[in-house]
Number of protein chains: 2
Amino acid sequence: MTETRKTPTIQDVARFAKVSTATVSRALSSPDRVSEGTRARISEAIRVTGYTLNQAARSLRQRTAKTILVALPDIRNSFFSSILDAVEREATNRGYGVLVANLFLARTPAQRLQDYMLSNRADGLLLLDGSLDPGTLQALVRAPNSVPLVVACEEIPNSGFHTVLTDNVVAAERATRHLIDLGHRHIAHLLGPDHNVVARDRMAGYANALNRAGLAMRQQWLFRGNFDIERGFAAAAHFMSLSERPTAVFAANDESAIGFLSGLRQYGILCPRDISLVGFDDLGVAAHYAPPLTTMRQPRELIGRMAAEALIDILEDDDHQRAPLRIVLNSELIVRESTAHVPMRGQD
Amino acid sequence: MTETRKTPTIQDVARFAKVSTATVSRALSSPDRVSEGTRARISEAIRVTGYTLNQAARSLRQRTAKTILVALPDIRNSFFSSILDAVEREATNRGYGVLVANLFLARTPAQRLQDYMLSNRADGLLLLDGSLDPGTLQALVRAPNSVPLVVACEEIPNSGFHTVLTDNVVAAERATRHLIDLGHRHIAHLLGPDHNVVARDRMAGYANALNRAGLAMRQQWLFRGNFDIERGFAAAAHFMSLSERPTAVFAANDESAIGFLSGLRQYGILCPRDISLVGFDDLGVAAHYAPPLTTMRQPRELIGRMAAEALIDILEDDDHQRAPLRIVLNSELIVRESTAHVPMRGQD
DNA sequence: ACTGGTTGTGCAATCGATTTCAAGAGTTTC
DNA sequence: GAAACTCTTGAAATCGATTGCACAACCAGT
């Protein structure tokens, strides 16, 4: 009967194949160092016993978990889950597992990261959150038993961290300029979260575009947002309360753009008839929204893949010492139907 | 200097606190079994040395990884990422890590699962995919060194697996009946993937509703779909090619519903003016689409949380032996603006 | 003073793999 | 024919924690 049958170990295989455990181990990790006959016997023994490797034992001995930790602010956001998807794919190809940590509502994100990383569960950390306090991060990386880190989709200035990101400033400027090119002069910005690096960069690009076009930036045309649908929706009410309303809006991301449009619809404001709008990310739904959204497409899959590649490259480097990497990917303006020429009204 | 300073182990702590490693271990796992003074010295020693637990060593000794594996068909789909979010939260609360495996494009999903699970990386498996071959799964669970399994969002009939799901048949019937109640008699169904249990159940519910209303099901009104936007979009072309067009559609999920509406818009068919549509899931975007989607809301967070709870309960049971669990959660019809009374045209 | 119970601690085995070192067999080289 | 190599293999140490067992110290009850 199958009672108390324990999971087979390398010992069982060795016994069955009449070799030592050392030989079995070698047959698995470097088959060419074992003679053909022995190898065959071992294969057979593995098949018969149903042996599978105990990863914990290997990790202990090799001091390697073959696992990376991906920390994200919100898995539910399609932008992040796309990246996670690409990361998982790349990691899997290279024999790594992927642990996820959602920092979204952790009281102390840094604490959570510590708990994970520092316990040798993961060999490296892939950070996708632009809202973490740089100081905390620095401390985390400097800790005696810390772990290699790659930061994606955000940047911590002068930190020397390995980074993969898109050029948010340039892209935001491009998006805003698109509106200017369409004749808009009254352009608002639906902001991202307050202390988010990415949000700040996009805001900067927006400001740059206005500056270069000689347009003034108005405080009341900076709508508070949070990269999510709800705050975008709420911003519509604010929009309606304005004495002077903009004719166009650059939203910090697609989610908030969608919320914003949805909110405006309640007031009978239609896009692009009454207002033009540019989003950011090009989520899957953007092309299929009503109207299809003009947006800056970020190469999400590429970001994820390159970040994972970079991290694993570092891990497999002997020393984990590489010159700080900084990969900047380009975003692309996708013009759809949410932007139109400014309606005629005698404006210059 | 910090050169060659290795990460501190329990040995270092023991030496510093002048106790044995056994005592340190106990101080960490069951503090009340060591005296107060000793405990204080150990705390101090841990602080000074910067010690953190090596999870691999613990896993090896305790034969427990404190990790669960979540297998999903497509992380990018907001439905799954929401569930994953809830799972991660629950798991974290209970001290478990979460590994993700995206089965989306794995050649041999079963193989991938094996690789993971059977290597003692994860203590349990949470399966969120309705498209896996039941036979393969059975084999997987029966394997000598397999791992407890909880299946969510799908059901494998008579398998005896622990299951958390929503009653898709009833919910789909309810959704379809909503259309019937609005006077529709020509109701199509935008299908899910071919071999998906969930898709099949929703189709069954659709069929039930038609039957009970005495309406015939027409083959050409079953639009092929894949739970994704693209296939929904493609279905619109099929719709246009029909000699006799339905006045309403029940879509197997919100993503395909959105794609479908987007496709129809290209042909000037507007919802709800020309067609009514019910989706399934109530994704975040559903309430903010144009028009806001009528849909069956699935309690995603609840599904995720309960599934994770169930799995961890089983893991922490002594024997991992529990009577097969079957939790059925209710979906809720959310009526929004994508459904309307059938347009007058002299139909009865 | 002896028994029985509780408490706090240490010794040493253990989990299952990898890896260093050494050794035996066979092969090449001069 | 000896030295030098290569190719296979095994014995045993090792990774860092946990835990069964033993034992000493202390206390209470008779």
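Every chain is numbered from 1 and lettered A, B, ... according to where its sequence line falls, protein lines coming before strand lines.
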Asks: Grab the CD-P distance between A:Gln62 and C:dG16 for me, whole Å please.
Replies: 17 Å

Asks: Need one value for A:Val24: base, sugar-phosphate or nothing, where a base atom within 4.0 Å counts as base even if backbone is also close, heavy atoms only.
Replies: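 Touches nothing.
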
Asks: What is the distance, rounded to the nearest whole Å, between atom CZ of A:Arg39 and atom C1' of D:dC7?
Replies: 13 Å

Asks: B:Arg89 and side-chain hydrogen bond (donor to acceptor under 3.5 Å, both in side chains): which single residue from B:Asp85, B:Thr92, B:Asn93 fits?
Replies: B:Asp85

Asks: Measure from CZ on B:Arg33 to P on C:dG10 and round the result to the nearest Å.
Replies: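 Interatomic distance, CZ of B:Arg33 to P of C:dG10: 13 Å.
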
Asks: Pick the closest DNA chain C nucleotide for B:Arg61 and for B:Arg41 by heavy atoms, then say which residue is nearer the 5' end.
Replies: B:Arg41

Asks: Please confirm whether the shortest side-chain N or O distance from A:Thr23 to OP1 or OP2 of D:dG10 is below 4.0 Å.
Replies: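 Looking at the OP1 and OP2 atoms of D:dG10, one of them is under 4.0 Å from a side-chain N or O of A:Thr23.
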
Asks: Passes side chain to side chain contact (heavy atoms under 4.5 Å, CB included), B:Thr67 versus A:Arg121? Steps please.
Replies: CA-CA 10 Å; B:Thr67 300; A:Arg121 283 184 118 140; 3.2 Å; yes

Asks: Ignoring backbone atoms, test whether A:Thr9 places a side-chain nitrogen or oxygen under 4.0 Å from the OP1 or OP2 oxygen of C:dG16.
Replies: no

Asks: Indicate, with a heavy-atom threshold strictly under 4.0 Å, whether B:Arg63 touches base, sugar-phosphate, or nothing.
Replies: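 B:Arg63: backbone/sugar contact only, no base atoms under 4.0 Å.
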
Asks: Rounded to whole angstrom units, what separation is found between the CG atom of B:Asn54 and the C1' atom of C:dC15?
Replies: 13 Å

Asks: For A:Thr38, answer base if it contacts any base atom (sugar-phosphate contacts may also be present), sugar-phosphate if it contacts only those atoms, and nothing otherwise; contact means non-hydrogen atoms under 4.0 Å.
Replies: sugar-phosphate

Asks: Whole-Å distance between D:dC15 P and A:Lys66 NZ?
Replies: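 After rounding, the reported distance stands at 21 Å.
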
Asks: May I have the distance from B:Ile10 (atom CD1) to D:dT18 (atom C1'), rounded to whole angstrom?
Replies: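 In whole Å, D:dT18 C1' and B:Ile10 CD1 are 8 Å from each other.
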
Asks: Between A:Val19 and A:Ala57, who's closer to the 5' end of DNA chain D by nearest nucleotide?
Replies: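 Its nearest nucleotide being more 5', the pick is A:Val19.
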
Asks: If only side-chain N and O atoms of B:Tyr51 are considered, is one of them under 4.0 Å from the OP1 or OP2 phosphate oxygen of D:dA17?
Replies: yes

Asks: Can you tell me how far P of D:dA17 sits from CD of B:Gln11, to the nearest Å?
Replies: 7 Å

Asks: So if I apply the side chain to side chain contact (heavy atoms under 4.5 Å, CB included) rule between A:Val13 and each of A:Thr23, A:Val48, A:Ile46, which one comes out positive?
Replies: A:Ile46

Asks: Quickly work out the A:Leu60 CG to C:dT14 P distance and round it to whole Å.
Replies: 17 Å

Asks: Less than 4.0 angstrom between a side-chain N/O of A:Ser20 and OP1 or OP2 of D:dG10, yes or no?
Replies: yes

Asks: Whether the side chain of B:Arg58 and the base of D:dT18 hold a donor-acceptor pair under 3.5 Å is what I'd like checked.
Replies: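 Under the 3.5 Å cut-off, the side chain and the base do not form any donor-acceptor pair.
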
Asks: Taking the minimum atom-to-atom distance to the side chain of B:Ser35, which one of C:dC15, C:dG8, D:dA17 wins?
Replies: C:dG8

Asks: Show your reasoning for whether side chain to side chain contact (heavy atoms under 4.5 Å, CB included) applies to A:Val87 and A:Leu128.
Replies: CA-CA 11 Å; A:Val87 168; A:Leu128 297 176; 5.6 Å; no

Asks: For A:Arg26 and for B:Ala22, find the nucleotide of DNA chain D with the closest heavy atom, then tell me which residue's nucleotide is more 5'.
Replies: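 Its nearest nucleotide lies further toward 5', so the answer is A:Arg26.
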
Asks: For the side chain of A:Arg41 and the backbone of A:Ala17, is there at least one donor-acceptor N/O pair under 3.5 Å apart?
Replies: yes

